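Everything below concerns the one structure shown next.
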Amino acid sequence: MENTAPQKIAFIGLGSMGLPMARRLLDAGHPLTVWNRTPAKADPLVADGAVLATSPAEAVRDADVVVTMLADPAAALAVADLLIPALRPGTHWIDTSTVGPDTVTALAARLPDGVTLIDAPVMGSVDRAATGELLILAGGDTAPVAAVLDRLGATTPCGGPGTGAALKLVLINAAIGGVALVAEALTLAGALGLPRDLALRTLGAGPLAGAVGRATATGSYFPVALAAKDVALATALAKLPLLEAVHSALTEDPALLAEDLAAIAG
Ligand code: NAP
C-alpha cells in the first residue's frame with residue numbers, strides 16, 4: 001500500500017522567508033525539525049510542535065525532505081558542510097535560497113549516493129511566503145517533493161539541476177532593474193517639477209506597471225542588500241553594464257541596505 005503519511009521535514013534557515021515557509025509546512029501536519037544559526041528565531045515554531053535541532057546534522061538525520069532557505073552562497077556552502085555528512089540515502093534536499101547555478105552545481109557534486117538536490121528558489125516576498133503563493137522555479141525532479149512544494153506555492157519546472165537557480169537570476173534581476181528604472185524616472189519627474197503621484201500613476205499604466213507595483217509594495221521585505229547580492233551573482237556570469245550600474249546604485253547608501261527594495265524609489 002502507498003505510504004501517504006506526511007513527509008518528515010528538516011527546515012534550515014528561519015529568516016524573513018524561511019520562518020513563514022516553515023510555518024506553512026508545520027501547519028500542514030508535517031513532522032518538522034528546524035535549525036537556525038540564531039536559535040531564538042525558531043521559538044514560535046517550537047511553541048507549536050516543531051523540534052529544534054542543535055546542529056544542521058541533527059536536523060537532517062531522520063528527514064525525508066530537507067528544505068534550506070539561506071541568505072547567499074557563502075551561507076549555503078557553510079551549512080552544506082555541516083549537513084551533507086548526515087544525509088541518508090533517499091533524502092530529497094530542496095534548496096530554496098537564491099544562490100545561482102554555480103553554487104547548486106557545487107552542492108550537487110558533494111551529495112552522498114541516493115540523495116537528490118532540487119534547486120527551487122522563489123519569486124515573491126514574505127507576504128506570499130506566508131500565504132503559500134510563491135512562484136517556485138524548480139530545477140530537477142520535483143515529483144517526490146510535490147506535496148511540500150505545493151504547500152509553498154506554484155511550481156514552474158525549469159529543466160535539469162541548476163535551471164531553477166538560473167531562471168531565478170534572470171527574473172529577479174529583471175525585477176530589480178525595473179524598480180531601479182522606476183526610481184530614476186521618479187527622480188527625473190521630481191527634477192522636472194512633476195508631482196510624484198502623477199508620475200507613478202502614468203508610469204503604472206505603461207510597460208513598467210509591474211515594476212511600479214513592486215516599487216510601491218508595502219507587504220514585501222526584500223532587503224536592498226539581498227537585491228545587491230542577486231545583481232552581483234548575475235554580473236559575475238555575463239556582461240551586463242546596466243545591472244552593474246544598478247549594483248552601484250543599490251550599494252551607494254549604506255542606510256538603505258536593510259530596507260526593502262522599494263526604498264530605492266523613495
Ligand atoms: P534573511 O532574513 O537574511 O535570512 C537569511 C537566513 O540565512 C537566516 O536564517 C540566517 O541565519 C541564515 N544565514 C546567513 N548566513 C549564515 C551562515 N553563515 N550560516 C548559517 N546560516 C546563515 O533572508 P531572507 O529574506 O529570508 O532570504 C533568504 C533567501 O531567499 C535569500 O537568498 C534571498 O535572496 C531569497 N529571497 C528573499 C526574498 C525576500 O523577499 N526576502 C524573496 C525571494 C527570495 P540568522 O537568522 O542566524 O541570521
Side-chain angles (χ1 to χ4, degrees), residues 10-24 34-46 50 52-60 66-84 94-104 107 119-138 149 152-156 164-176 179 213-215 217-234 247 250 257-264:
F11 202 110
I12 294 183
L14 302 173
S16 304
M17 292 293 286
L19 188 62
M21 291 164 69
R23 159 66 63 190
R24 285 193 61 78
V34 295
W35 181 85
N36 194 58
R37 181 179 61 177
T38 307
K41 289 189 189 171
D43 289 352
L45 298 173
V46 172
L52 178 62
T54 57
S55 67
E58 186 186 306
V60 306
V66 174
V67 184
T68 44
M69 188 37 140
L70 296 157
D72 54 22
L77 292 167
V79 170
D81 283 342
L82 302 173
L83 73 80
I84 283 175
I94 308 170
D95 182 32
T96 63
S97 327
T98 303
V99 292
D102 292 349
T103 297
V104 172
L107 295 175
D119 48 299
V122 302
M123 292 294 289
S125 193
V126 293
D127 44 0
R128 285 163 60 185
T131 55
E133 294 175 295
L134 295 168
L135 170 59
I136 303 167
L137 308 167
L149 295 178
L152 302 176
T155 301
T156 296
L167 185 59
K168 165 75 196 208
L169 288 189
V170 173
L171 299 189
I172 192 63
N173 275 279
I176 295 166
V179 173
R214 182 59 188 86
T218 52
S220 301
Y221 181 57
F222 178 48
V224 172
L226 288 178
K229 174 265 297 182
D230 290 349
V231 177
L233 285 169
H247 188 269
L250 291 174
L257 291 175
E259 300 292 323
D260 177 62
L261 180 63
I264 68 167

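As a basis for the values below, the full set of heavy atoms in this structure was taken, side chains included, without hydrogen atoms, waters or symmetry mates. Since the structure is predicted, the reported quantities are computational estimates derived from the model, not experimental observations. Numbering of ligands and ligand atoms starts at 1, following listing order.
- Those atoms of ligand 1 that come under 4.0 Å of a heavy atom in Gly13, given as number and element, are 9 (O).
- The shortest non-hydrogen separation linking Phe222 to Ser125 is N-OG, 3.9 Å.
- Within the 4.5 Å cutoff, the side chain of Lys41 has no heavy atoms near those of the Leu19 side chain.
- Annotation: atom 34 (O) of ligand 1 to nearest protein heavy atom, Lys229 NZ, 2.7 Å.
- Taken to the nearest 0.5 Å, the OH atom of Tyr221 stands 8.0 Å off from the CG atom of Leu226.
- Contacts between Val99 and ligand 1 below 4.0 angstrom, taking non-hydrogen atoms only, are absent altogether.
- Taking a cut-off of under 4.0 Å to the non-hydrogen atoms of Gly124, the atoms of ligand 1 that pass are 42 (C), 43 (C).
- For Gly219 against Asp127, the heavy-atom pair with the smallest separation is O-CG, 3.3 Å.
- Given atom 20 (C) of ligand 1, the protein heavy atom at minimum distance is Val79 CG2, 3.5 Å.
- Closest to atom 35 (C) of ligand 1 among all protein heavy atoms lies Thr98 OG1, 3.6 Å.
- Counting only heavy atoms of the protein, atom 31 (C) of ligand 1 lies nearest to Ala71 O, 3.2 Å.
- Taking only nitrogen or oxygen atoms, main chain and side chain alike, Ser97 does not reach within less than 3.5 Å of ligand 1.
- For ligand 1, the polar-atom distance check finds no N/O of Met69 at less than 3.5 Å from any of the ligand's N/O atoms.
- Judged by distance alone, with hydrogens and angles left aside, the side-chain atoms of Lys168 form a donor-acceptor pair with the main-chain N or O of Val122 at under 3.5 Å.
- Within a 4.0 Å radius of atom 3 (O) of ligand 1, the protein has no heavy atom.
- Not one N or O on the side chain of Thr96 forms a donor-acceptor pair closer than 3.5 Å with the backbone of Pro121.
- In terms of polar-atom proximity, Leu226 is not counted as a contact of ligand 1, lacking any N or O under 3.5 Å from an N or O of the ligand.
- In terms of modelled atom types and a separation under 3.5 Å, the side chain of Arg23 and the main chain of Pro44 share a donor-acceptor contact.
- Nearest heavy-atom pair across Ile136 and Gly153 is CD1-N, 3.7 Å.
- Contact detail for Gly164 and Asp119: the closest heavy-atom pair is N-OD2, 2.9 Å.
- Of the residues listed (Val126, Leu70, Thr98), the one engaging Met17 in a side chain to side chain contact (heavy atoms under 4.5 Å, CB included) is Val126, and it is the only one.
- By the 3.5 Å distance cut-off applied to N or O atoms, Thr96 is not counted among the residues near ligand 1.
- Considering each of Arg37, Met123, Met21, the one bringing a non-hydrogen atom nearest atom 15 (N) of ligand 1 is Arg37.
- Among all non-hydrogen protein atoms, the one lying nearest atom 29 (C) of ligand 1 is Leu70 O, 3.3 Å.
- Of all protein heavy atoms, the one lying nearest to atom 26 (O) of ligand 1 is Met17 N, 2.9 Å.
- Taking every heavy atom of both residues into account, Pro73 and Leu233 meet most closely at CG-CD2, 3.9 Å.
- Among all protein heavy atoms, the one lying closest to atom 46 (O) of ligand 1 is Lys41 NZ, 2.6 Å.
- The minimum heavy-atom distance between Ala262 and Ala215, with the atom names listed, is CB-O, 3.3 Å.
- In terms of protein heavy-atom proximity, atom 9 (O) of ligand 1 is closest to Asn36 OD1, 2.6 Å.
- Residue Lys168 approaches ligand 1 through these ligand atoms, each under 4.0 Å from one of its heavy atoms: 43 (C), 44 (C).
- Counting heavy atoms under 4.0 Å from ligand 1, residue Thr38 touches it through both backbone and side chain.
- The shortest N or O to N or O distance between Asp72 and ligand 1 is not under 3.5 Å.
- Of the possible donor and acceptor atoms, none in the side chain of Asp260 sits under 3.5 Å from a partner among the backbone N and O of Pro223.
- Of the polar atoms of Tyr221, at least one N or O is found under 3.5 Å from an N or O of ligand 1, judged by distance alone.
- Which parts of ligand 1 touch Ser125 is read off a 4.0 Å heavy-atom cut-off, strictly below it: atoms 39 (C), 40 (O).
- Counting heavy atoms closer than 4.0 Å to ligand 1, residue Arg128 contributes nothing at all.
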